[in-house]
Novice: 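Quick one: structure below, then a few questions.
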Amino acid sequence: QVQLVESGGGLVQAGGSLRLSCAASGRTVTSYSMGWFRQAPGKERELVAGISRSGVSTYYADSVKGRFTISRDNAKNTVYLKMNSLEPEDTAVYYCAAGTNFEIKSRYTYWGQGTQVTVSS
């Protein structure tokens, strides 16, 4: 098993940037594909970005392509999500997750507690 703890959320103005971090403990993150999800009030949880175990392959939802970048530092057991050009529509709780396929939502099995991101207009 792996335990995941997110940090880095907060309030930012539209057009601003944030970097989320996900620290893993327990089993090493190199055993897992990693991803970032988000869930806004009244909406389903959405896979925003995913990264393969090696970090070579990535996935992005169309809504964040060109603005968000997922990366991982396996030596530090940490995954990041750099978010640029933030929009009010990006407001949500962001969750870090670990699983067996970085592109498939249903393959994620371990979750963090979430961190709130609020983008003001």
Side-chain angles (χ1 to χ4, degrees):
Q1 283 194 344
V2 62
Q3 292 76 45
L4 305 171
V5 178
E6 304 95 336
S7 61
L11 174 64
V12 63
Q13 288 188 331
S17 298
L18 283 174
R19 189 180 79 157
L20 305 182
S21 299
C22 173
S25 60
R27 196 171 178 182
T28 177
V29 292
T30 54
S31 299
Y32 299 99
S33 293
M34 300 296 295
W36 286 95
F37 287 72
R38 69 185 180 187
Q39 188 166 21
K43 294 189 177 181
E44 289 190 2
R45 191 170 295 191
E46 171 190 22
L47 176 58
V48 172
I51 189 166
S52 62
R53 291 190 297 172
S54 66
V56 170
S57 300
T58 56
Y59 161 86
Y60 295 97
D62 288 342
S63 57
V64 306
K65 278 181 183 176
R67 301 189 298 122
F68 290 12
T69 302
I70 188 171
S71 61
R72 63 191 299 162
D73 186 336
N74 287 338
K76 294 184 177 180
N77 252 13
T78 302
V79 180
Y80 305 97
L81 184 68
K82 182 66 188 299
M83 305 184 293
N84 295 326
S85 303
L86 283 161
E87 304 167 353
E89 294 74 23
D90 296 316
T91 296
V93 177
Y94 283 71
Y95 297 90
C96 177
T100 57
N101 188 305
F102 68 98
E103 295 179 289
I104 301 176
K105 180 180 177 180
S106 62
R107 295 290 187 92
Y108 287 87
T109 54
Y110 299 103
W111 300 85
Q113 83 289 351
T115 185
Q116 177 70 46
V117 172
T118 303
V119 184
S120 63
S121 56

Novice: Measure across Leu86 and Leu18 and return the closest heavy-atom pair with its distance rounded to 0.1 Å.
Specialist: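 Between these two residues, the closest heavy atoms are CD1-N, 3.9 Å.
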Novice: Under 30°, 30 to 60°, or over 60°: which ring-plane class applies to Tyr110 and Tyr32, parallel, tilted or perpendicular?
Specialist: perpendicular
Novice: Take Tyr80 and Thr69 through the test side chain to side chain contact (heavy atoms under 4.5 Å, CB included) and record every step on the way to the result.
Specialist: CA-CA 8 Å; Tyr80 305 97; Thr69 302; over 6 Å; no
Novice: What is the minimum heavy-atom distance between Ile70 and Gly35, and which atoms define it?
Specialist: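 Nearest pair, atom of Ile70 first, then Gly35: CD1-CA, 4.2 Å.
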Novice: Under the disulfide bond (SG atoms under 2.5 Å apart) definition, can you give me all pairs with a residue in residues 36-69, not counting sequence neighbours?
Specialist: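 Qualifying pairs: none.
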Novice: Closest approach of Ala98 and Met34, non-hydrogen atoms and distance?
Specialist: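 Of all heavy-atom pairs spanning Ala98 and Met34, the closest is CB-SD, 3.5 Å.
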Novice: Mind jotting down which residue pairs meet the disulfide bond (SG atoms under 2.5 Å apart) criterion with at least one end in residues 57-91? Sequence neighbours excluded, please.
Specialist: none
Novice: Let me have the donor-acceptor pairs involving side chains of residues 3-12, under 3.5 Å, with sequence neighbours excluded, atom names and distances please.
Specialist:
unit_1 : atom_1 : unit_2 : atom_2 : d
Glu6   : OE1    : Gln113 : N      : 3.1
Glu6   : OE1    : Gln113 : NE2    : 3.4
Glu6   : OE1    : Gly114 : N      : 2.9
Glu6   : OE2    : Cys96  : N      : 2.8
Glu6   : OE2    : Gly114 : N      : 3.2

Novice: In the hydrophobic clustering (ILVMFWY, side-chain contacts below 4.5 Å, transitive), which residues join Tyr108, or is it alone?
Specialist: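 Noted: Tyr108 shares its cluster with Phe37, Leu47, Tyr59, Val93, Tyr95, Phe102, Trp111.
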Novice: How close do Ser85 and Ser17 get, heavy atom to heavy atom, and via which atoms?
Specialist: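 In this case the closest contact between Ser85 and Ser17 is N-OG, 4.3 Å.
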Novice: Rounded to the nearest 0.5 Å, what separates atom CH2 in Trp36 from atom CG in Leu20?
Specialist: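 The CH2 atom of Trp36 sits 4.5 Å away from the CG atom of Leu20.
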Novice: Would you give the length of the straight line joining atom CD of Gln13 to atom OG of Ser121, rounded to the nearest 0.5 angstrom?
Specialist: 9.5 Å
Novice: Is any side-chain heavy atom of Met83 less than 4.5 Å from a side-chain heavy atom of Asp90?
Specialist: no
Novice: Any donor and acceptor pair, going by atom type alone, linking the side chain of Thr91 with main-chain N or O of Val119 inside 3.5 Å?
Specialist: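 It does hold such a pair.
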Novice: Please give me the minimum heavy-atom distance between Val79 and Ser71, naming the atom from each residue.
Specialist: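 Of all heavy-atom pairs spanning Val79 and Ser71, the closest is CG1-O, 3.3 Å.
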Novice: Which salt bridge (Lys or Arg N to Asp or Glu O under 4.0 Å) pairs, counting each pair once, include a residue from residues 46-62, with sequence neighbours left out?
Specialist: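 Counting only pairs at least two positions apart or across chains, the salt bridge (Lys or Arg N to Asp or Glu O under 4.0 Å) contacts touching residues 46-62 are Arg38-Glu46, Asp62-Lys65.
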Novice: Return the minimal non-hydrogen interatomic distance between Glu103 and Asn101, and the atom names on each side.
Specialist: N-OD1, 2.9 Å
Novice: Considering residues at least two apart in sequence or located in another chain, which fulfil the side-chain hydrogen bond (donor to acceptor under 3.5 Å, both in side chains) criterion with Arg107?
Specialist: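 Once residues adjacent in sequence are excluded, Arg107 has no partner under the side-chain hydrogen bond (donor to acceptor under 3.5 Å, both in side chains) criterion.
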